[in-house]
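Below: one structure, written as structure tokens.
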Amino acid sequence: MTGPTFWEYVQQNQVKLWTLTQQHLVITLVALAVGAVVGIALGVLAYRVRQLRGGIIGTAGLILTIPSLALYALLVGLLGLGALPVVVALAMYSLLPIVRNTVAGLAGVSPAVVEAAQGQGMGSWRRLLRIQLPLAWPVILTGVRVSAVLIVGIAALGAIVNGPGLGVLILDGLRRVGSPVALNMALAGTLGVVLLGVALDLAFLGLGRFTISRGLRG
Amino acid sequence: MSTTAPAGSVEPADLASAYGAPVSAGADGRGRAPLRTVGTPVALVVACWLLYLWVQAQTVDSIEARVLNREVIQASVIEHLQLVAVSTVLVVAIAVPLGALLTRPFARPAVPLAIGVANMAQSVPSLGVIVVLALLWGVGFKYAVVALVLYAFLPVLRNTMVGLQQVDPAVIEAARGQGMGRRAVLMRIELPLAVPVILAGVRTAVVINVGTATIAVLTNAGGLGEIIYAGIVHGRAVVLIAGSVMTAVLAVAVDYLAGLAERVLSPRGL
Amino acid sequence: MADDMIRLEGLCKRFPGQHAPAVEGLSLRVPAGRIAVLVGPSGCGKTTTMRMVNRIIEPDTGRIYLDGQDVTARDADQLRRQIGYVIQQVGLFPHLTVAQNVSTVPRMLKWDKARTRRRVDEMLDLMGLDPARYRDRYPKALSGGERQRVGVARALCADPPVMLMDEPFGAIDPINRDRLQNEFLRLQAELRKTILFVTHDIDEAIKMGDRIAILRERSEVVQYDTPANILAAPADDFVRDFLGGRRTLRRLGLARLGPEELRPWPVVDQDGTPGAALEQLRAADVPAVLVADRTGRPVRWADATALERATSLRGIGHAVPGVRLHAPLADVLDALLAGQAPGVAVADGDGRHVGVVDLPALVQAAGRMHEPSDERSGGRGEVHS
């Protein structure tokens, strides 16, 4: 190797790497926020209306089978190039774990507790918001965490449709095939995504500590 | 299932199960199974037909015509399926024996490590794997297969290990107590009982491979990704949409067939 | 001793990372065709001991003899094919049918197909499972009791001379457990296997065992004797505590009603007069007389008050509780208390009335149980220590 070592490359390009990492994190989190809101809502719907359950979970699963390049490209056809199709695609991919865990979490709430709440005169919405969702929250949060780790990797491919983030670095590396920095760029981009995934995983574990009722924690 | 999932998760949601057959899993959809069995292929055929009508209705320029013709599409589909088939066979051939090896008593200390790595590897971008390998070794079908194998390896390895570990110890003890040797217990009791979980992992691997194979276009390995990529590079929406719909149809079809195989190959009585 | 099918000598086992050995110097002999029960508190090493016999756990030191042959160093898999093995969780292979489960060992021994199939059907029949109905079922379609029956059939299929049973009925509800125990004892009377049986339940031990080894920590044998002798003369306080209270009551379950306990009792014909009956009652100095039906079988009890008021003996007084000769004394006591009668009518094997046993006679019989002996419990094997 005649070029700089990997560490030299990382040190020399700190600012660029940091910017791309931030972009990557932002699109992941924005997509995840959209996915969580939609996913939890769909999960509640699927839990309450049994007839819809198979359809909703099946559709979310179907989305996940579609190759990411195909989904990105389809959305580019509708929304044009850039960050928007990437965010929409990632939000769609994040649905299945969130929906499924929402249903599982709600189904895991003891019927006795729900009946007790009903007995106190709580209405159906109040029951959902004050009793069922908080009790199901640890399971739902796990779903969100799984989705985060899942889409942080898929986000890298967004670079093909001019999306932002660490994928740009990987694609640049490919374009410079033959140049000594090519491998460093691709490696830096790939490892950056993995580290971001680990960080998100840990962050969501930490979030659980704050947002799960102390009564539910072991 | 997952070492990092809290005890509260009713249905373990990890990458393997995130891709895995959602409709056949859980309490939902059991009664809908026959409808889906017929519904999916019908829906896929209808999607292809609508796509065909739509493309026919467009005025196609020379660039578009060069990509959207029978020969190119047929070749791409075959290339794509070859990539998926070869890499899936290799994944199964390597990951299942390795998973069996790692669950033998002498390897027990390595299990948490293997599962930990598998969990961490969930966020490895497929783009990164393909590109790094291409830069390290070269481009073409062979190297694309290596990348696909690496990328789809962990779900099968992990499901093999989980499937083998889920076998009721009492069943193994009973088998040993009847005088079955360790090999016989593995081949005749443990592996058959782990088949449903292993197959779920294989199905996940197939789906991942179909997806990763679309990116193999970046390393000149062909496949349906070529059509999509041509659409992006030349800015042709018709090509872009036709390519991605075909890829999506192929992916869903392959997943559907894998699901059927899963059902047929699982031992009765489970 | 040539008669000992299982002979264990000085077995020791210490598990890695544990300070105290799980089994320390255990020696035990089980005569051919008998059931020896290992019983003791949880963690005493009884299961470990049993698993050393088929070497699921390899002993550190000591020797295992089966039918006089040292099998300590034999190929473990070959050895196990000659030892039936039944565990509490059954461990049926869920992906195989009942027939495939039962034929596990014959198939490994390469029996031909026809013979295996015949044997499987025979085994299912023996366990009270209709082969035509059960052969092709999968374990998930069986009840707990059926599963355990299939487990026993699997263990018995290759006709091993020795069986190891680890709490085989432990996971089954009390009613079915009782039924399975009885079935198994009936089967054993025919098959005469040599059985090492592990349980933590002293009642099961007393019921199933020809002899019982009471174990304490590290599988130390505190007492090894027939159930009757252990109940009559516990070796020390540990055994006494383990047997718990109601020791005498339990012995009543083992001791049988003999002819020497019977008292003659006045029986009057139902077509006789109440006056004559009253006379007989006073002459015999008993609280009530038995009224027999036309066949001579006593059916009712009639006391003095009833006789004085009655005009006919038909349908007078209370129904007579009855037991058979050689019934467990516990059953006699039960009939006596439930019947609210001064005594229980006893019939012989053919149903003929042979006499009455009353409370004083029962107390006397219970008192006689205190001398330890080996023949009173129905010939369950000679004392061996």
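Note on naming: letters A, B, ... go to the chains in the order of the sequence lines (proteins, then strands), and numbering restarts at 1 for each one.
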Side chain / backbone / both / neither for C/V90 at chain B, heavy atoms under 4.5 Å = backbone
Portion of B/A184 that has a non-hydrogen atom of chain C nearer than 4.5 angstrom | neither
For C/G91 and B/A174, the nearest pair of non-hydrogen atoms, with its separation, is O-CB, 3.3 Å
Looking only at heavy atoms, what is the nearest atom pair of B/V171 and C/L92, with distance?
-> CG2-O, 3.4 Å
Relative to chain B, which segment of C/I83 carries a heavy atom at a distance below 4.5 Å: side chain, backbone, both, or neither?
-> backbone
dist B/Q178:CD -> C/F93:CZ (nearest 0.5 Å) comes out at 5.5 Å
Heavy-atom pair with the smallest gap, counting every atom of B/G177 and C/R80 | O-CB, 3.5 Å
Nearest heavy-atom approach of B/P267 to C/H95 is CB-CB, 3.9 Å
May I ask you to test the C/M108-B/R188 pair for a side-chain heavy-atom distance under 4.5 Å?
-> yes
Where on C/Y85 is there a heavy atom nearer than 4.5 Å to chain B: the side chain, the backbone, both, or neither?
-> both
Taking everything shown except C/R137 itself, do over 12 heavy atoms lie less than 6.0 Å from its CZ?
-> yes
Would you mind reporting whether B/M180 and C/T104 have side-chain heavy atoms less than 4.5 Å apart?
-> yes
CD (C/E58) with more than 12 external heavy atoms under 6.0 Å | yes
Salt bridge C/D77-B/R182, side-chain N to carboxylate O under 4.0 Å | no
Side chain / backbone / both / neither for C/R51 at chain B, heavy atoms under 4.5 Å | side chain
Do C/I56 and B/E173 have side chains that get closer than 4.5 Å, going by heavy atoms?
-> yes
